[in-house]
Trainee: 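Here it is: the structure, laid out below.
Excluded from the calculations below are hydrogen atoms, water molecules and symmetry mates; all remaining heavy atoms, backbone and side chain alike, are included.
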Amino acid sequence: KERRFIFDHTPLRDIAALLAETYGLRVEFSSSDLAERSVSGEFPARDADEVLHLVAELFQINYTRDGDRVHFND
């Protein structure tokens with residue numbers, strides 16, 4: 001089954017909630033401004049690592065992952 005994520009002016013904080021629900025990840029942000037940035041489009045991703053890489057690329061940000069904890073920073 002192909003996994004596709006569809007975003008329509010979706011804030012990063014909502015994408016973080018999706019990551020928590022889908023993959024059990026706990027997401028933190030370096031700032032509230034970063035959490036409010038949004039994106040639109042349809043994107044394929046097979047697993048959590050692909051989604052994290054995609055999000056980092058789309059928002060032109062960095063992230064670190066330690067187990068189930070993810071920290072996005074700009």
Trainee: Count the heavy atoms of every other residue, nucleotide or ligand shown that sit under 6.0 Å from NE2 of H53, and state whether that count exceeds 12.
Mentor: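 No, NE2 of H53 has 12 or fewer neighbouring heavy atoms, counting only those of other groups under 6.0 Å.
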
Trainee: Looking at S38, is its backbone amide N or carbonyl O close enough to the side chain of T10 to form a donor-acceptor pair, meaning the two atoms are under 3.5 Å apart?
Mentor: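 Not confirmed, T10 side chain does not pair with S38 backbone.
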
Trainee: Let me confirm one number: the OG-CZ distance from S32 to R37, rounded to the nearest 0.5 Å.
Mentor: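 Rounded to the nearest 0.5 Å, the OG-CZ separation comes out at 12.5 Å.
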
Trainee: Please round to the nearest 0.5 Å and tell me the distance separating atom CZ of F43 and atom CD of E50.
Mentor: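 If we round to the nearest 0.5 Å, F43:CZ and E50:CD are 13.5 Å apart.
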
Trainee: What pair of heavy atoms forms the shortest contact from D74 to S30, and how long is it?
Mentor: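 Heavy atoms of D74 and S30 come nearest at OD1-OG, 3.1 Å.
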
Trainee: Could you pull out every donor-acceptor pair under 3.5 Å between side chains of residues 11-23 and any protein atom, sequence neighbours left out?
Mentor:
from : atom 1 : to  : atom 2 : distance (Å)
R13  : NE     : E36 : OE1    : 3.2
R13  : NE     : E36 : OE2    : 2.8
R13  : NH2    : E36 : OE1    : 3.4
T22  : OG1    : L18 : O      : 2.9

Trainee: Under 3.5 Å, which donor-acceptor pairs link side chains of residues 61-69 to any protein atom two or more places apart or in another chain?
Mentor:
from : atom 1 : to  : atom 2 : distance (Å)
R65  : NE     : G67 : O      : 2.8
R65  : NH1    : D49 : OD1    : 2.7
D68  : OD1    : R26 : NH2    : 3.4
R69  : NH2    : E28 : OE2    : 2.2

Trainee: Could you tell me which residues satisfy salt bridge (charged side-chain N to carboxylate O under 4.0 Å, His left out) with E42, sequence neighbours excluded, listed by chain and number?
Mentor: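 Checked E42 against salt bridge (charged side-chain N to carboxylate O under 4.0 Å, His left out); matches are R4.
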
Trainee: Quick one, L52 and L25 - any side-chain contact, counting heavy atoms below 4.5 Å?
Mentor: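 L52 vs L25: side chains touch.
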
Trainee: Between F7 and V39, what is the shortest heavy-atom contact and its length?
Mentor: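 Where F7 meets V39 most closely, the heavy atoms are CB-O, 3.5 Å.
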
